[in-house]
Each structure stands twice: as C-alpha cells, then as structure tokens.
Amino acid sequence: MKGKLVVALALGLCPVLLPFGKAGSGGNACDLVTKEEVEEVIGQKIDIVEVQPGYGNCIYYTKEKLLNEILKIPVVTVGYTRSDVQERWNSWSSMPKSETIKGLGDGAVWSPTYGFFVCKFKGGLLMLSVQNKDMAIKLAKKALGRIKP
C-alpha cells in the first residue's frame, strides 16, 4: 500500500503528461530545450532528463524524498509533432479557459487548467507542460528557434 500511496501523491504533484508525438526532424524534444535552460527558467535544479519512450517527448525531473522513497517528479515536459497538427490544434485551442498568446509562431495558447502551452509553428505543434504561462513562453522562445522545417 505504501508504494501505491507514494505513486498517487507523486502523480498529484506533477503537471499533465500526455503523449504528444514524435519530435521534429527525426530527433527528440530534448534537442529543443537544454537542462540548463529549463533550470534557469523554472529556478530549480533538474536531476534527470529522459525521453518519453515511444513519443520523443522530453521530460525534466527533480528528485524528491517522500515517505522514505525517492521519487522522480516531472516538472517540465517538451514535445513537438508534425502529425495530426490541425486536429490537435483545434482540440487544444478550444479548451475551456484557454488564453491566446500573441507573437509566437502561427498561433499559441496557454491552458491554465492543464498547465499546457501549445504553439503552431513550421508545420507542427510545440507543446510545453510547465507550472505557469511565463515559464512556458520563455521555454517556447528558446525551443522555436531550434525547430527545423
């Protein structure tokens, strides 16, 4: 029971982690934002950086001790996809309480409900899951310059 409680608590503390799709240009999303850039933007040390198997999303974790267990807590997820772009954009941009962000890519939205930022850019979608909109915009600006057409 203790292990299940720890996992449940960890999941309750993390941002939404949804499979988003393969990263652009045959790479993974860890090519879009560095560990050091994430640390600078969020003001927190990142202990582990991993590519989400099967999707190419990059997940930045901190380690936290909880009930004598060391947990990997995801604090930032970065993804980029070129598949189902219009369908995914329609879904994310129509989320309740979504806020349009001007001046980034061909369109961008922040969903405070889910802690998700989505930006249409170069025929794909950049996705960021992070604590707040300002952090998402700063990370997006870094990532957008690295996406290859």
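All of these numbers come straight from a predicted model, not from anything done at the bench. What's counted below: heavy atoms across the whole structure, side chains too, no hydrogens, waters or symmetry copies.
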Worksheet item: Are a donor atom and an acceptor atom from the side chains of Ser111 and Thr113 found within less than 3.5 Å of each other?
Response: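 Not at all, the side chains of Ser111 and Thr113 share no donor-acceptor pair under 3.5 Å.
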
What's the spacing between [X] [atom1] and [Y] [atom2] if we round to 0.5 Å?
X      : Y      : atom1 : atom2 : result
Lys138 : Leu128 : NZ    : CG    : 13.5 Å
Asn90  : Arg88  : CG    : CZ    : 12.5 Å
Asp31  : Lys148 : CG    : NZ    : 8.5 Å
Ile46  : Thr34  : CD1   : OG1   : 10.5 Å
Leu71  : Lys65  : CG    : NZ    : 11.0 Å

Practice prompt. Report the C-alpha distance between Leu104 and Ile137 in whole Å, list the side-chain angles of each, state the deciding distance to 0.1 Å, and finish with yes or no for side-chain contact (heavy atoms from CB on, under 4.5 Å).
Written response: CA-CA 8 Å; Leu104 287 174; Ile137 291 169; 4.0 Å; yes

Worksheet item: Cys58 and Leu32: side-chain contact (heavy atoms from CB on, under 4.5 Å), yes or no, with the steps?
Response: CA-CA 9 Å; Cys58 190; Leu32 300 178; over 6 Å; no

Worksheet entry | Check: Phe116 ring centre within less than 6.0 Å of Trp110 ring centre |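 No, they do not, as the ring centres are separated by 6.0 Å or more.
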
Hey, are the side chains of [X] and [Y] touching, using non-hydrogen atoms and a 4.5 Å cut-off?
X      : Y      : value
Tyr61  : Ile73  : no
Leu144 : Cys119 : yes
Ile101 : Phe117 : yes
Val51  : Asn57  : no
Tyr60  : Val78  : yes
Glu64  : Glu69  : no
Ile42  : Val38  : yes
Val109 : Trp89  : yes

Discussion item. Keeping Arg82 on the side-chain end and Leu125 on the backbone end, is there a donor-acceptor pair under 3.5 Å?
Written reply: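 No; zero donor-acceptor contacts below 3.5 Å.
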
Worksheet item: When you measure from the side chain of Asn132 to the backbone N and O of Met135, does any donor-acceptor pair fall under 3.5 Å?
Response: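 Answer holds: yes.
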
Fill in: side chain to side chain donor-acceptor pair (under 3.5 Å) against Ser93, all qualifying residues, sequence neighbours excluded
none

Item to complete: Could you tell me which residues satisfy salt bridge (Lys or Arg N to Asp or Glu O under 4.0 Å) with Glu39, sequence neighbours excluded, listed by chain and number?
Response: Lys35

Worksheet item: Between Lys122 and Ile147, what is the shortest heavy-atom contact and its length?
Response: NZ-O, 3.1 Å

Practice prompt. Over all heavy atoms of both residues, which pair between Ala143 and Val33 is shortest? Give the atoms and the distance, please.
Written response: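 Heavy-atom minimum between the residues: CB-CG2, 3.7 Å.
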
Worksheet item: Can Lys72 and Glu50 be counted as an ion pair, charged N to O under 4.0 angstrom?
Response: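 Glu50 and Lys72: salt-bridged.
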
Worksheet item: Between Glu37 and Arg146, does at least one N-O distance fall below 4.0 Å, as a salt bridge requires?
Response: yes

Worksheet entry | Qualifying side-chain hydrogen bond (donor to acceptor under 3.5 Å, both in side chains) pairs with a residue from residues 98-108, counting only residues at least two apart or across chains |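 Only Glu99-Lys133 qualify under side-chain hydrogen bond (donor to acceptor under 3.5 Å, both in side chains).
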
Discussion item. Can you confirm whether Gln86 is buried at CD, in the sense that more than 12 heavy atoms of other residues, nucleotides or ligands lie under 6.0 Å from that atom?
Written reply: yes

